[in-house]
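Working notes for the structure below.
Convention: sequence-line order gives letters A, B, ...; per-chain numbering from 1. Quick caveat, the model's predicted, so the values are computed rather than measured.
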Protein chains: 2
Amino acid sequence: MLKLSKLTDYTTVILSFMASNTAHIHSALEVAEATGIALPTVSKLLKLLVKAKFLRSVRGAKGGYNLAKRPEEITMADIINLMEGPIALTECSITQQGCGQASGCHIGGKWSLINRTVHNALESVSLADMIMPSAFPSEVLIPVKSLLR
Amino acid sequence: MLKLSKLTDYTTVILSFMASNTAHIHSALEVAEATGIALPTVSKLLKLLVKAKFLRSVRGAKGGYNLAKRPEEITMADIINLMEGPIALTECSITQQGCGQASGCHIGGKWSLINRTVHNALESVSLADMIMPSAFPSEVLIPVKSLLR
DNA sequence: GATATTGAGGACTATTCTAGTACTATATGA
DNA sequence: TCATATAGTACTAGAATAGTCCTCAATATC
């Protein structure tokens, strides 16, 4: 499976919870109970999200966390980028310098296109979209092939 | 990084090599030398690709492998599906039955859309596209957000 | 001002996954 | 019949991931 790490998955769940309830601040315990994720793990992720400026924290008794940005301003691409680094399906697509397989590999450019496509897909979905109850979308068409020539 | 396993990466390189030279059959050793991937690994992948019907094999002396399908008929989605299983960014998007986090997670439907978008992106690129020398594509636009409501 | 509550930060461990290797059996051309 | 090549399976080492724990710092409340 072309997969995200569990922690990335948890992070989207946590952020979605925060976004759906922006009124007051939530303690780590509260988030853990609401999401069903173990407290130490939640705590670890919340700290990470503060560092990344997605959340604000309030220390001390009655402290907790809340969103530092509007839900529309946080995209899936942002979240994945934070948790997993740059969105790229292959090693060689990250840096400009080719990979070790140089002699046998002539497909670098195509990967960069594919990566960009995936990135765009993820950037087009924000936290606000994630928490919106939705009718099932009809069809998604992507003109990638037409661009390959 | 939202990443593919190395083996998946190798597989695309190997298949691209086979596709760019469909005239005669290639031994595992030949493929290994052409791609720069270690022979045992190449051998393992070639066997896998035969089982998946992407390649045909000829046993015995002067044996080897060649493509069983036309390059246009093998898409990136096919390759990733073979190597990593169904294209899905999260566990819960694969099966219909919700995840263990049921109580806290209300975003399953959105993931399915995102997954479908990514899948479409990957399905639109075939082996034939991968081996074609290309001008750099200009822009890729995906109307995902407009479909979320 | 003392105490309880809650976040900050970092270290550590267990487990799982991945990649790579090795070995034996089978088929075929010369 | 021998050399060459694939088929199939099992195993191992290493790396990445997930998860936990402990100590320190800040703040509200009594």
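- Base contact: B/Lys47 has a heavy atom under 4.0 Å from a base atom.
- Phosphate contact (OP1/OP2 of D/dA18, side-chain N/O of A/Ser5, threshold under 4.0 Å): present.
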Working note: A/Ile114 + B/Met130, criterion side-chain contact (heavy atoms from CB on, under 4.5 Å); need CA distance, chi angles, decisive distance, verdict.
CA-CA 10 Å; A/Ile114 296 174; B/Met130 295 298 275; 4.2 Å; yes

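- B/Thr35 contributes a side-chain N or O that, together with a main-chain N or O of B/Val31, makes up a donor-acceptor pair within less than 3.5 Å.
- Scanning DNA chain C 5' to 3' for nucleotides with an atom closer than 4.0 angstrom to a non-hydrogen atom of chain B gives a first and last hit of C/dA19 to C/dG29.
- Between B/Ser57 and D/dA5 there is no side-chain polar atom (N or O) within less than 4.0 angstrom of OP1 or OP2.
- Toward the 5' end of DNA chain C, the nearer of the two residues A/Lys44 and A/Val58, judged by each one's closest nucleotide, is A/Val58.
- Between the side chain of B/Ser124 and the backbone N or O of B/Ala121, at least one donor-acceptor pair lies under 3.5 Å.
- Going from atom CG of B/Leu49 over to atom P of D/dA7 covers 11 Å, rounded to whole Å.
- A donor-acceptor pair is defined here as one N or O able to donate and one able to accept, closer than 3.5 Å; no such pair exists between the side chain of B/Asn21 and the backbone of B/Met18.
- Regarding A/Ile25, its CD1 atom lies at a distance of 11 Å from the C1' atom of D/dT27, rounded to whole Å.
- Heavy-atom contacts from other residues, nucleotides or ligands closer than 6.0 Å to NZ of A/Lys69 number more than 12.
- As rounded to whole Å, 13 Å separates atom P of D/dA5 from atom CG of B/Leu46.
- The closest donor-acceptor contact from the side chain of A/Glu33 to the backbone of A/Glu30 lies at 3.5 Å or more, if one exists at all.
- The nearest whole Å value for the distance from the NZ atom in A/Lys62 to the P atom in D/dT29 is 6 Å.
- Taking atom CZ of B/Arg56 as the reference point, atom P of D/dA7 lies 13 Å away to the nearest angstrom.
- In this structure, CG of B/Leu48 is placed 11 Å from P of D/dG8, rounded to the nearest angstrom.
- Between the side chains of B/Ser5 and B/Thr8, at least one donor N or O sits under 3.5 Å from an acceptor N or O.
- One can place NZ of B/Lys6 at 10 Å from P of D/dA15, the figure rounded to the nearest angstrom.
- Atom CZ in A/Arg59 sits about 5 Å away from atom P in D/dA26, given to the nearest Å.
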